[in-house]
Structure formats: C-alpha cells, structure tokens
Amino acid sequence: MLDRLTALASDTSSEKRRELLSEISDLFLTDSELHSDREILLFRDVLTRMLDLVDVDAREQFSNVSANNACLPRELALKLANDEINVAEPILKQSPVLTDNDMISISRDKGDEHRVALAKRETLSEPVTDALLEHGGKPVWQEVSSNKGACFSENGMNRMAEEACHDDVLRDNLAERHDLPKNVAEQLLPILPPDAKDRLARLFQLDHDKAEKLLDDAQFKAQAESLATRQDRLDARILIRKIQNGQISLDDAVNDLADHDQIREIALVLSSVAELPESVANNVLLQVKDEPSIVLCRSVDLSDGSFHKVALLRARKLRLPESTAHRSLSEYKKIDLPSAQRAIRFVKMRQANTLSIPR
C-alpha cells in the first residue's frame, strides 16, 4: 500500500491525484473512530493539501463519502462547506462536525445555495434559523419553514408570519407547523385560503369555526409543556448530582429516563458525565446516524442493556424501525471503551479549538 501511495504521489497528473485522494480518504474513513489523535491530525494535513490539488469532481466525491463522518476534522469540514455548492452541499446538509457558530458564519458569508443546503439539515437550532432568515432570500425562507426539525425563536416566527402575507409557499408551510405560537396562528388565519384553513384545523383536530378557542388552548398547552420541560430538566440535574455523589449508577439513571421517554434529559446526563456540551449530546442522540450515539454511550461505559433502551427510544423518537435499535446494539458490543473514549477526546479537542477561534 505504501509503495502504491508513493507512486501515486510522484505522478502529478490530474487522474493520479484523484486516485491518491481516494486512497488516502479510504484509509482515513475506514474505522476512523479508531485512529489516534496524532493520526487524525496527520490525515487532516494530508487531505487538506490534496483537496487543493484536485478538481471539483474529486472534491465533490470526497465530500459525499465523508459528509456524515463524526471524526472528520473540523478544518476539513469547513473547507468543504465553503467550497462550490456541489462540494459543500453534502457537508452542509449532513455533517455532525459543523457547530452552530460554523453554520451562522456560513449563513452570513455564503450565498443562498449554501443557505438552502443548511436549511435541509435534520435539526436546526434557533440561532441558526435566525441567521438563515437574517441573510437568506425567499428560497431560504421557504426551505427552512418547511423543515419540521427546525426550531425558531419568537422573533423568527414573527418575521415569517409577516412575510407570509406576500409569499404563498411560506404561508402554507407555516400553516402545517406543529410549533406555531398563538400570535403567529392569529396572523395566519385571516390570510389562509379555505384548503389551508382546513389543513390547519386538521392539524389541531378542530373544525374551522372553533379556531379562536384552538388558539387559546394551544397557548395553554404550550405553557403547560414549558413547565413540564423545566421540571424534567430539574429532575435530570438531580440525577446528575446523585451520580456524582455515588447515590445512583449511570445505568439506573439512564434506564429511568428512557422508561419515561426523556431523550433530551438522557442527553443532558450523558453530556455531564462525558464532559461535553449539551448541544453536542443532543445532536448525537437526535440524528438518524447511530454511530455517534454508539461512541458516546460506550465512552461513559453504559451497559449493553441500558444502551439498548436508549437505542429503542431513539428509534421511537426518530420514527425508525425497531430493528435499527437491535442493529445498533450489535454494533455497540463491537466497540471497546478505550476506542470510544479516544474518539470523544477528539471531539472535545475540536470543541476547544472552536471556542478559541475569535468571532
């Protein structure tokens, strides 16, 4: 293999450079979570150099095969995310490596093609959707408003409601969202055509004549859910304190939360034990790809039985077949504790580098 790579490196033709990039990327992506920190840094430097030497088709191919890899060095992910849209799109849509700050910067500095790709991610935080709305044009607003995994600030919702008067696609997208606050629903109702009013009524399982009561009920429900969420987080923090004091095991805490379908509280507990940002743990547990959740749970030495409960809960929340949880458990049993902890150390190092970059 070394002789072949040496031969490819000595040939400066475009085709041979593509082959070399492909060979090196295969080496990196195969069991990438098992590489040492030093090996990952070496791959980062080599691949960064190679990407500067190949054409856009080769960069696009590399972007496609590496987009959902949680061990992809952040510098490489950012390089690809800021490239031409064909290269950037897979990273913008899928990469778990990009931070909220990265996405906010891309929303500010790139064009609508890049913003539309970001708007298609499985989940988006309020700061990111605020940035997309601030800098994006109509295609961006239409795309992000249709994303059921996107969270919006009060200001973001209000801005979209105002613009919906002039944009039928945006108006219809908002009418089908489950997270509409009362004031946005009130703004939408007068401008909805009959079929959209019917869809909104069906969404809340209420006929159109009772829309006003629906809005009041929705506000009350939102307030009740907010109180319940605060209580759930308080309970999770109590569990964290008990784990730290040795009063309860991590397995018992996770099992209890899983039995009550509290996946975000599990993320809070895991983030505390693993000493990771809560947003990272949330992203890990709420993405379809299961490798990151496998690595995170193994890194804190969660038992096979407790992980299976987490995997089953993930399947329910993400509406995946139960068989995916069984497959995840099978993969979980294959990874050892040191390898998982090494991967988490790399994530922490990447997070530290992110925080050190001036914005």
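By convention here, the first residue in the shown sequence is residue 1. Fair warning: this is a prediction, and the values are worked out from it, not measured in the lab.
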> Are any of the side-chain heavy atoms of K317 and D261 separated by less than 4.5 Å?
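Contact flag for K317/D261 side chains = yes.
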
> Using side-chain heavy atoms (C-beta onward) and a distance below 4.5 Å, is L78 in contact with L98?
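Heavy-atom side-chain distance check passes, below 4.5 Å.
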
> Just by modelled atom types, is the E75 backbone N or O under 3.5 Å from a matching donor or acceptor in the R44 side chain?
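Such a contact is absent between R44 side chain and E75 backbone.
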
> Counting only N and O atoms by type, is there a donor-acceptor contact under 3.5 Å from the side chain of S107 to the main-chain atoms of M103?
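Checked: pair present.
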
> Check the side chains of S66 and N69 for a donor-acceptor pair under 3.5 angstrom, ignoring hydrogens and angles.
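No, because no side-chain N or O of N69 sits under 3.5 Å from a partner of the opposite role on S66.
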
> For residues 136-174, which residue pairs qualify under ring-ring contact (aromatic ring centres under 6.0 Å, His included), counting only residues two or more places apart or in two chains?
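Sorted pair list comes back empty.
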
> Look only at the side chain of R115 and the backbone of K110, and say whether a donor-acceptor pair between them is shorter than 3.5 Å.
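Side chain of R115 to backbone of K110: a pair is present.
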
> State, yes or no, whether a side-chain contact exists between L270 and C297 at a heavy-atom distance under 4.5 Å.
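Side chain of L270 against side chain of C297, heavy atoms only: contact under 4.5 Å found.
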
> For R316, is the CZ atom crowded, meaning more than 12 foreign heavy atoms sit under 6.0 Å from it?
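Yes, because the 6.0 Å sphere around CZ of R316 holds more than 12 heavy atoms from other groups.
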
> For side chain to side chain contact (heavy atoms under 4.5 Å, CB included), just list the numbers for V140 and L118, CA-CA rounded to whole Å, side-chain angles, deciding distance to a tenth of an Å, and then say yes or no.
CA-CA 9 Å; V140 179; L118 279 176; over 6 Å; no

> I'd like to know if D259 and K309 make a salt bridge, using a cut-off of under 4.0 Å between side-chain N and carboxylate O.
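Yes.
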
> Under the 3.5 angstrom rule, does the side chain of N147 hit a backbone N or O of A119 as a donor-acceptor pair?
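Yes; at least one donor-acceptor contact below 3.5 Å.
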
> If you take all heavy atoms of L313 and A258, which pair is closest and at what distance?
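Taking L313 first and A258 second, the nearest heavy atoms are CD2-CA, 4.1 Å.
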
> Under a 3.5 Å threshold, yes or no: a donor from one side chain and an acceptor from the other, between D252 and S249?
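Checked: D252/S249 side chains pair up, N/O donor to acceptor below 3.5 Å.
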
> Please answer whether the main-chain N or O of A70 pairs with a side-chain N or O of E291 as donor and acceptor at a distance below 3.5 Å.
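Pair absent, no side-chain N/O of E291 close to backbone of A70.
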
> Any heavy-atom pair between the side chains of K333 and L329 that's under 4.5 Å?
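Yes. Closest side-chain heavy atoms under 4.5 Å.
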
> I want to check something: taking the side chain as every heavy atom from C-beta on, are Q244 and R241 in contact at a cut-off of under 4.5 Å?
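When only atoms from C-beta onward are counted, R241 and Q244 do touch, with a gap below 4.5 Å.
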
> When you compare the side chain of L92 with that of H114, does any pair of heavy atoms fall below 4.5 Å?
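Yes - at least one pair of side-chain heavy atoms lies under 4.5 Å apart.
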
> Does E113 CD have over 12 foreign heavy atoms under 6.0 Å away?
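For E113, atom CD is not crowded (no more than 12 foreign heavy atoms under 6.0 Å).
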
> With rounding to the nearest 0.5 Å, note down the distance linking CG in L318 to CD1 in I263.
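Answer rounded to 0.5 Å: 6.5 Å.
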
> ring-ring contact (aromatic ring centres under 6.0 Å, His included): which pairs involve residues 282-328, sequence neighbours left out?
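Qualifying pairs, neighbours excluded: F307-Y332, H308-H326.
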
> Any chance NZ of K242 has more than 12 other-residue heavy atoms, nucleotides or ligands included, within less than 6.0 Å?
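Open: at most 12 neighbouring heavy atoms sit under 6.0 Å from NZ of K242.
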
> With heavy-atom distances below 4.5 Å as the criterion, would you say the side chains of P96 and Q287 are in contact?
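P96 reaches Q287 side chain to side chain.
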
> Can you tell whether the side chains of E162 and R159 come within less than 4.0 Å, N to carboxylate O?
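Looking at R159 together with E162, the answer is no, because their closest N to O distance does not fall below 4.0 Å.
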
> Test L41 against R38 for side chain to side chain contact (heavy atoms under 4.5 Å, CB included), laying out the working first.
CA-CA 5 Å; L41 291 175; R38 184 173 180 276; 5.8 Å; no

> Please say whether more than 12 non-hydrogen atoms of neighbouring residues, nucleotides or ligands are located less than 6.0 Å from CD in Q247.
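For Q247, atom CD is crowded (more than 12 foreign heavy atoms under 6.0 Å).
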
> Going by heavy atoms in the side chains, are C151 and L124 under 4.5 Å from each other?
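They are not in side-chain contact.
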
> The test is salt bridge (charged side-chain N to carboxylate O under 4.0 Å, His left out); show your working for D179 and K148 and say whether it passes.
CA-CA 9 Å; D179 53 352; K148 298 300 190 290; over 6 Å; no

> With distance as the sole test, does S272 use its side chain to make a donor-acceptor pair with the main-chain N or O of V269 at under 3.5 Å?
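Checked: no pair found.
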
> Ignoring hydrogens and geometry beyond distance, is a side-chain donor-acceptor pair present between D167 and Q142 at under 3.5 Å?
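A pair is found: one side chain offers a donor N or O, the other an acceptor, under 3.5 Å apart.
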
> Starting from the C-alpha separation in whole Å, work towards a yes-or-no answer on side chain to side chain contact (heavy atoms under 4.5 Å, CB included) for M157 and R177.
CA-CA 11 Å; M157 277 290 191; R177 294 197 64 89; 4.1 Å; yes

> Using only atom types and a distance under 3.5 Å, with no angle test, would you say the side chain of S299 pairs donor to acceptor with the backbone of A340?
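Looks like no, no N/O pair under 3.5 Å.
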
> Which atom pair, heavy atoms only, marks the closest approach of T123 to L286?
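Closest approach of T123 to L286, heavy atoms only: CG2-O, 4.4 Å.
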
> Mind listing the closest non-hydrogen atom pair of A67 and P90 along with its distance?
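In terms of heavy atoms, the two residues are closest at CB-O, 3.5 Å.
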
> Would D336 and R298 pass as an ion pair if we require N to O under 4.0 Å?
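Not counted as a salt bridge, because no side-chain N and carboxylate O are separated by less than 4.0 Å.
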
> Please answer whether the main-chain N or O of N101 pairs with a side-chain N or O of S105 as donor and acceptor at a distance below 3.5 Å.
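It does hold such a pair.
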
> Is it the case that the side chain of N68 and the backbone of S95 share a donor-acceptor pair, with hydrogens and angles ignored and the cut-off at 3.5 Å?
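Not at all, since once roles are kept as given, no pair shorter than 3.5 Å links the two residues.
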
> What are the two closest non-hydrogen atoms of K79 and T48, and how far apart are they?
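Heavy atoms of K79 and T48 come nearest at CE-O, 3.8 Å.
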
> Would you say the side chains of D100 and S125 form a donor-acceptor pair under 3.5 Å?
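Their side chains do contain a donor-acceptor pair, which is all the 3.5 Å distance test asks for.
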
> Only counting residues at least two apart or in another chain, list the ones meeting side chain to side chain donor-acceptor pair (under 3.5 Å) with R327.
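By the side chain to side chain donor-acceptor pair (under 3.5 Å) rule, R327 matches D290.
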
> Using a strict 4.0 Å threshold on nitrogen-to-oxygen distance, state whether D52 and R49 make a salt bridge.
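Salt bridge: no.
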
